[in-house]
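The structure under discussion appears below in the form of structure tokens.
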Amino acid sequence: PGISSTTPAPEPTCPIGSVIEAGNKTFAFFYCPKNFTEACDFCEHHGWTLASPNEQFEQFNERMPGNGEYYLNVQPYKNPFTNRLPLTWYWQIYFMKIETKRSQWEIGHYNLVTLYDGKFCASLLKNDGLLACKCEQKWYFACESIDTFKVKRSIMEGDVHDKELISSKVNFERKK
């Protein structure tokens, strides 16, 4: 008792679960629950972004794993002057914001959430629609690749593991 260590605890691994292609994008699914901020940070740390399959929504929804709920990069515009009105939700695609469509939401859930509900993130179950949720909840998540070739090559070369999920550009140059 009372033994302390100055060695930090190892970073928990988050193995890649599966990879799908939908439209012209590649998406990787991770089976380690994280809150919204942690999921975004994880994707960005590895050179990806949290998935925003706006144009590929139907294909994405059909092909995604059916083992849980996944965070996607959908957030509302929070206007403090309209706090009782339904929030307008947007796909966060790099520097653009594209409004979600009614057809992308779970039946009966489109345009229902207000600022008072405190739900500012969205998740998705396979063959279902988007659902508003609290950002502190821990869900699985999907990352999106800017470069499909990068994902395929990384998996084939074994770069997909623990801390170095998808290596930096430097690692790719080294392997050429």
Side-chain angles (χ1 to χ4, degrees), residues 14 16-152 165-166:
C14 187
I16 192 167
S18 60
V19 175
I20 66 165
E21 286 188 32
N24 60 349
K25 293 184 182 178
T26 303
F27 301 94
F29 295 85
F30 297 90
Y31 304 159
C32 51
K34 295 187 179 292
N35 67 37
F36 182 80
T37 301
E38 292 167 342
C40 286
D41 290 347
F42 179 89
C43 293
E44 287 176 17
H45 177 76
H46 297 295
W48 290 9
T49 60
L50 195 62
S52 296
N54 173 45
E55 294 175 2
Q56 308 83 4
F57 187 79
E58 287 182 28
Q59 278 185 322
F60 179 92
N61 200 351
E62 290 170 4
R63 296 177 183 174
M64 70 182 283
N67 63 338
E69 202 157 343
Y70 289 83
Y71 270 123
L72 297 180
N73 207 357
V74 178
Q75 292 193 294
Y77 170 67
K78 301 174 204 167
N79 184 344
F81 301 109
T82 60
N83 53 10
R84 292 196 185 275
L85 295 176
L87 295 169
T88 302
W89 292 76
Y90 296 90
W91 293 101
Q92 310 295 309
I93 303 173
Y94 305 103
F95 299 106
M96 300 182 307
K97 295 181 182 351
I98 299 172
E99 190 171 344
T100 60
K101 300 173 187 151
R102 176 184 294 273
S103 62
Q104 295 172 327
W105 286 86
E106 171 67 19
I107 295 172
H109 289 266
Y110 180 75
N111 261 358
L112 291 181
V113 179
T114 69
L115 277 176
Y116 287 123
D117 296 316
K119 295 179 179 180
F120 304 119
C121 292
S123 61
L124 179 68
L125 287 164
K126 181 181 177 87
N127 294 321
D128 215 343
L130 294 168
L131 288 169
C133 62
K134 294 186 184 251
C135 301
E136 298 78 31
Q137 289 178 272
K138 298 225 178 204
W139 301 122
Y140 294 158
F141 59 98
C143 297
E144 175 179 318
S145 174
I146 299 167
D147 181 353
T148 303
F149 178 73
K150 180 178 178 181
V151 175
K152 287 180 181 176
L165 175 64
I166 296 298

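Proximity of Y31 to P65: side-chain heavy atoms (C-beta onward) are separated by under 4.5 Å at one or more points. Looking at Q75 and F36, their side chains come closer than 4.5 Å, going by heavy atoms from C-beta outward. Side-chain atoms of I16 and F30, non-hydrogen and from C-beta on, do get closer than 4.5 Å to each other. Looking at heavy atoms from C-beta onward, P33 lies in side-chain contact with Y140 at the 4.5 angstrom threshold. Contact of the S52 side chain with the L72 side chain is not registered, since no non-hydrogen atoms from C-beta on lie closer than 4.5 Å. Looking at C14 and K34, their side chains come closer than 4.5 Å, going by heavy atoms from C-beta outward. With a 4.5 Å cut-off on side-chain heavy atoms, L50 and F141 count as touching. Using a 4.5 Å cut-off on side-chain heavy atoms (C-beta onward), T100 and W105 make contact.
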_Evaluate F29 against F60 for ring-ring contact (aromatic ring centres under 6.0 Å, His included), listing each step before the verdict._
CA-CA 11 Å; F29 295 85; F60 179 92; 5.4 Å; yes
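A distance-only check finds a donor-acceptor pair linking the side chain of Q104 to the backbone of N54 [under 3.5 Å].
C133 has its SG atom at least 2.5 Å from the SG atom of C121.
Under the 6.0 Å distance and 45° angle rule, K78 counts as a cation-pi partner of F120.
One finds the CD atom of E21 at 4.5 Å from the OG1 atom of T26 (value rounded to the nearest 0.5 Å). Rounding to the nearest 0.5 Å places OH of Y77 at 11.0 Å from NZ of K97. I20 CD1 to K25 NZ: the interatomic distance, rounded to the nearest 0.5 Å, is 12.0 Å.
Remark: K126 NZ is packed, more than 12 non-hydrogen atoms of other residues, nucleotides or ligands lying under 6.0 Å away. Annotation: E55, atom CD; neighbour count of heavy atoms from other residues, nucleotides and ligands within 6.0 Å does not exceed 12.
The two residues Y71 and C135 come nearest to each other via the heavy atoms OH-O, 3.1 Å.
Looking only at atom types and distance, the side chain of E99 has no donor-acceptor partner in the side chain of W91 under 3.5 Å away. Side-chain contact of S123 with E69: a donor-acceptor pair under 3.5 Å is present, judged by distance alone.
Between E38 and K138 there is a salt bridge, since at least one side-chain N of the basic residue sits less than 4.0 Å from a carboxylate O of the acidic one.
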